[in-house]
Q: 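Quick one: structure below, then a few questions.
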Amino acid sequence: MTVVRRLDQRPSVLVFAGHDPSGGAGIQADIEAISAQGAHALTIITALTVQDNNRVSAVYPVDAKILRAQFAQLFAHIPIAAVKIGIVGSQENANAIAQCVETLQASQAHIPVVVDPVLGSGGGHALAVDDAVVAVQAVLRRATLITPNLPELRRLVSTERTDELKAIRLCTEFNCDVLLKGGHAQGEEIMNSWYPHAQLKQSTLHNQHPHQHQYQHQHRQNFHARSWRWPRLDGEFHGTGCTLAAAIAAQLALGQTLEESLATAQAYVQSSLEQAYSIAAGQAIPARVLQKDRE
């Protein structure tokens, strides 16, 4: 007698990201993080990299035609519940990815699109053959959430004096939420701050405001970012940003609210860092799968 087993249904997250042969960051990190949340990753590789767990030596973008063809096949057959975008590899690829996401948004207006604006590796090495800041603009315009770290924020926004105002500028310019990651700051704790676009959509920052000082003071009074604080751990880690953005996208695909997704994903990343392991000298690898329960 044949036993008919009812298959569990998992939501799918469409991922555009590069391949890291060390397995610490990029597409492998995304697959592991998304799977650990209980979702499924649909992966489109944007670039092949030559790197280990410490440094990047070269980047080879995948032909944009291949990206478009892979997306078309997946889009035609598999329901997509969220999108996560990492490195784009080139300006041409960024434009192709933006067009793919625009097609998806035309049929699913409220689909979550999480963009990790990776402008370089943790060691400062380039991850695109073109100007990364210019290249990423096309995908930022399709985002519902952008997750920059402090160096990325400062490269993306140069017109404001403080990191808070830079984050607000990013939020208003691209009409999306921003999660500013504070790992590159100093101190015993890491603070990540969420800037919700819904609270900011009535406010528009201008490069030259007639009452700039008064405006900035009033804006700070009227807006309060939601922040999370996490103990800073010793050592350096490879693929933390990829892991966080992928976990957020997966939680959104599972139907959680953005605030719930941000909180759950951050706790997951902190746990993965606490249980990180070594593969060679240098940056450790977050333990994204088979995590032990935290005591």
Q: Indicate yes or no for a side-chain donor-acceptor contact from S271 to the backbone of Y268 under 3.5 Å, with no hydrogens or angles considered.
A: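 No; judged by distance alone, with no hydrogens or angles, the pair does not exist.
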Q: Mind running side chain to side chain contact (heavy atoms under 4.5 Å, CB included) on I248 and L179 for me, showing each step along the way?
A: CA-CA 11 Å; I248 294 169; L179 177 69; 4.0 Å; yes
Q: So, taking the atom named CG in L252 and the one named OG1 in T257, what distance separates them when rounded to the nearest 0.5 Å?
A: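 L252 atom CG to T257 atom OG1 measures 8.0 Å (nearest 0.5 Å).
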Q: Identify whether L254 and L104 are in the same connected component of the hydrophobic contact network (ILVMFWY, side-chain heavy atoms under 4.5 Å).
A: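 In one cluster with L254: L104, no.
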Q: Taking atom CZ as the centre, does R229 end up with more than 12 heavy-atom neighbours from other residues, nucleotides or ligands that are less than 6.0 angstrom away?
A: no
Q: Go through the steps to decide whether Q256 and Q251 satisfy the test side-chain hydrogen bond (donor to acceptor under 3.5 Å, both in side chains), and finish with yes or no.
A: CA-CA 6 Å; Q256 300 301 306; Q251 286 295 322; 4.9 Å; no
Q: If I take atom CD from residue Q51 and atom CG from residue N53, how far apart are they, to the nearest 0.5 angstrom?
A: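 Q51 atom CD to N53 atom CG measures 9.0 Å (nearest 0.5 Å).
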Q: Spell out, as yes or no, whether a donor-acceptor pair under 3.5 Å connects the side chain of D52 to the backbone of R55.
A: yes
Q: Evaluate the side-chain proximity of I146 to P148: yes if any heavy-atom separation is below 4.5 Å, no if none is.
A: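 With C-beta onward as the side chain, the pair touches.
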Q: Should T147 and L145 count as side-chain neighbours, where that means a heavy-atom distance under 4.5 Å?
A: yes
Q: Ignoring hydrogens, what is the shortest heavy-atom contact between L140 and V115? Give both atom names and the distance.
A: CD2-CG1, 3.8 Å
Q: With heavy-atom distances below 4.5 Å as the criterion, would you say the side chains of T159 and L165 are in contact?
A: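 They are not in side-chain contact.
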Q: Only pairs under 3.5 Å count here: list side-chain donor-acceptor contacts from residues 24-35, not counting sequence neighbours, and write none if there are none.
A:
from: Q28; atom 1: NE2; to: E32; atom 2: OE2; distance (Å): 3.3
from: D30; atom 1: OD1; to: K84; atom 2: NZ; distance (Å): 3.0
from: D30; atom 1: OD2; to: K84; atom 2: NZ; distance (Å): 3.1
from: E32; atom 1: OE1; to: R288; atom 2: NE; distance (Å): 2.9
from: S35; atom 1: OG; to: I31; atom 2: O; distance (Å): 2.8

Q: Can you name the nearest heavy-atom pair linking I111 to A81, along with the distance?
A: CG1-O, 3.7 Å
Q: Report all side-chain donor-acceptor pairs from residues 8-15 shorter than 3.5 Å, counting only partners two or more places apart or in another chain.
A:
from: R10; atom 1: NH1; to: A39; atom 2: O; distance (Å): 3.4

Q: Between A245 and D116, which heavy-atom pair has the shortest distance, and what is it?
A: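 Heavy-atom minimum between the residues: CB-CB, 3.9 Å.
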Q: Got I97 and T46 here, is their nearest side-chain heavy-atom distance under 4.5 Å?
A: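 Touching, per the 4.5 Å side-chain cut-off.
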Q: Distance from L170 atom CG to C176 atom SG, nearest 0.5 Å?
A: 6.0 Å
Q: Taking it one step at a time, do L153 and V178 satisfy side chain to side chain contact (heavy atoms under 4.5 Å, CB included)?
A: CA-CA 10 Å; L153 177 71; V178 170; 5.6 Å; no
Q: Any idea which heavy atoms bring K181 and N192 closest together, and the distance?
A: CA-OD1, 3.3 Å
Q: Looking at R232 and E189, does any basic side-chain N land under 4.0 Å from a carboxylate oxygen?
A: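 Between E189 and R232 there is no salt bridge, as every charged N stays at least 4.0 Å from the carboxylate O atoms.
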Q: Roughly how far apart are S261 OG and W194 CH2, rounded to 0.5 Å?
A: 9.5 Å
Q: F16 versus C100: any side-chain heavy-atom pair under 4.5 Å?
A: yes
Q: L150 and R154: side chain to side chain contact (heavy atoms under 4.5 Å, CB included), yes or no, with the steps?
A: CA-CA 6 Å; L150 286 168; R154 292 163 186 170; 4.0 Å; yes
Q: Under the side chain to side chain contact (heavy atoms under 4.5 Å, CB included) rule, collect the residues that match up with T240, sequence neighbours excluded.
A: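 Only F237, V269, L273 meet the side chain to side chain contact (heavy atoms under 4.5 Å, CB included) criterion with T240.
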Q: For the residue pair N175 and T172, what are the closest heavy atoms and their distance?
A: OD1-O, 3.4 Å
Q: Same cluster or not: are V134 and V59 linked, directly or through other Ile, Leu, Val, Met, Phe, Trp or Tyr residues, by side-chain heavy atoms under 4.5 angstrom apart?
A: no
Q: So, E102 side chain and A98 main chain: donor-acceptor pair closer than 3.5 Å or not?
A: no
Q: With rounding to the nearest 0.5 Å, note down the distance linking CD1 in I190 to CG in N149.
A: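 The distance works out to 11.0 Å.
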Q: Given 3.5 Å as the limit, does a donor-acceptor pair link the side chain of Q108 with the main chain of I80, or not?
A: yes
Q: Using atom types as modelled and distance alone, determine if a side-chain donor or acceptor of T144 lies under 3.5 Å from a backbone N or O of V113.
A: yes
Q: Restricting to non-hydrogen atoms, name the atom on Q270 and the atom on W230 that form the minimum distance, rounded to 0.1 Å.
A: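 Shortest heavy-atom separation between Q270 and W230 comes out as OE1-CB, 3.5 Å.
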Q: Distance from M191 atom CE to L180 atom CG, nearest 0.5 Å?
A: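 Atom-to-atom, M191:CE and L180:CG are 8.0 Å apart.
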Q: For F174 and R142, what are the C-alpha separation, side-chain angles and deciding distance, and is it a side chain to side chain contact (heavy atoms under 4.5 Å, CB included)?
A: CA-CA 8 Å; F174 293 104; R142 310 312 312 179; over 6 Å; no
Q: Which residues pass the salt bridge (charged side-chain N to carboxylate O under 4.0 Å, His left out) test with D20, sequence neighbours left out?
A: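 For D20, no residue satisfies salt bridge (charged side-chain N to carboxylate O under 4.0 Å, His left out) once neighbours in sequence are set aside.
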Q: List, by chain and then residue number, the residues other than I279 in its hydrophobic cluster (Ile/Leu/Val/Met/Phe/Trp/Tyr, side-chain heavy atoms under 4.5 Å); write none if there are no others.
A: Y277, I285
Q: Ion pair present between D177 and R226, side-chain N to carboxylate O less than 4.0 angstrom?
A: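 Salt bridge absent between D177 and R226.
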Q: For residues 63-75, which side-chain donor-acceptor pairs fall under 3.5 Å, sequence neighbours excluded?
A:
from: D63; atom 1: OD1; to: K65; atom 2: N; distance (Å): 2.8
from: R68; atom 1: NE; to: Q99; atom 2: OE1; distance (Å): 3.3
from: R68; atom 1: NH2; to: Q99; atom 2: OE1; distance (Å): 3.2

Q: Using the rule that two of Ile, Leu, Val, Met, Phe, Trp, Tyr join whenever any of their side-chain heavy atoms come within less than 4.5 Å, decide whether L244 and L233 are in one cluster.
A: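 Yes; tracing contacts between hydrophobic side chains, which count when under 4.5 Å, links both residues.
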